[in-house]
Amino acid sequence: MFLMWLIGICLMAAAGWIFYYYHKTHGVAYEKFRFENSNEFGILAPKDWREYKEFQKIEAKARIQGVLVGKPVVWLFTSGMVLFIIPTVKFIFRM
């Protein structure tokens, strides 16, 4: 049971580290896109068409990377959580 508990903690830590490393190295910096112009309805708009298309490309890339990295990280964290909770609950209700 202790090994199962330890593996669960390790899987959750690995998922957190992968998520942190991905966002540190491959995260999209949205700060460089400044939508400063607004129309008569107050909706923010890009300065020009080229900036808007570049923003759409980077946003699509972020979605694809999120699916490629996000799903495995969620599965890793969820399986780690299950492996952590089962021995913990069995230990608590053992008495």
Side-chain angles (χ1 to χ4, degrees):
M1 283 294 183
F2 179 72
L3 183 62
M4 191 167 136
W5 186 77
L6 193 62
I7 289 172
I9 288 178
C10 290
L11 287 176
M12 289 189 296
W17 182 82
I18 290 169
F19 184 76
Y20 169 74
Y21 181 77
Y22 165 73
H23 277 288
K24 189 174 96 173
T25 57
H26 301 292
V28 177
Y30 286 104
E31 293 85 34
K32 65 182 183 180
F33 295 102
R34 304 276 184 206
F35 295 128
E36 295 173 355
N37 300 338
S38 60
N39 60 11
E40 62 272 8
F41 302 110
I43 298 172
L44 295 176
K47 288 184 251 183
D48 57 356
W49 185 253
R50 184 185 55 77
E51 182 184 355
Y52 177 68
K53 283 301 186 182
E54 185 178 340
F55 178 74
Q56 279 187 336
K57 287 179 187 176
I58 288 179
E59 196 171 72
K61 178 183 171 186
R63 286 183 185 164
I64 291 171
Q65 286 177 344
V67 169
L68 292 177
V69 173
K71 283 189 179 181
V73 165
V74 167
W75 281 105
L76 197 65
F77 187 80
T78 305
S79 61
M81 184 65 80
V82 168
L83 288 175
F84 174 76
I85 287 177
I86 289 172
T88 304
V89 169
K90 281 187 177 185
F91 179 75
I92 290 173
F93 293 112
R94 178 175 67 165
M95 296 175 192

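By convention here, the first residue in the shown sequence is residue 1.
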Worksheet entry | Working for side-chain contact (heavy atoms from CB on, under 4.5 Å), residues Phe84 and Met12 | CA-CA 9 Å; Phe84 174 76; Met12 289 189 296; 3.9 Å; yes
Worksheet entry | side-chain contact (heavy atoms from CB on, under 4.5 Å) between Leu11 and Phe77, intermediate numbers included | CA-CA 6 Å; Leu11 287 176; Phe77 187 80; over 6 Å; no
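Interatomic distance, CD of Gln65 versus CG of Leu68, reported as 7.5 Å (0.5 Å rounding). Once rounded to the nearest 0.5 Å, the distance linking OG1 of Thr88 with CE of Met1 reads 10.0 Å. Atoms CD1 and CD1, on Ile92 and Ile85 in that order, are 10.0 Å from each other to the nearest 0.5 Å.
In plain terms, the two heavy atoms of Gly8 and Leu83 that are nearest each other are CA-CB, 3.8 Å. What you find for Tyr22 and Gly66 is that their closest heavy atoms are OH-N, 3.9 Å.
Remark: aromatic rings of Trp17 and Tyr20 are distant, center separation not under 6.0 Å.
No chain of hydrophobic side-chain contacts below 4.5 Å, direct or via other Ile, Leu, Val, Met, Phe, Trp or Tyr residues, connects Trp75 to Tyr21. Both Leu3 and Leu76 belong to a common hydrophobic cluster when Ile, Leu, Val, Met, Phe, Trp and Tyr are linked at side-chain heavy-atom distances under 4.5 angstrom. Hydrophobic clustering (side-chain heavy atoms under 4.5 Å, transitive across Ile, Leu, Val, Met, Phe, Trp, Tyr) groups Met81 together with Ile9.
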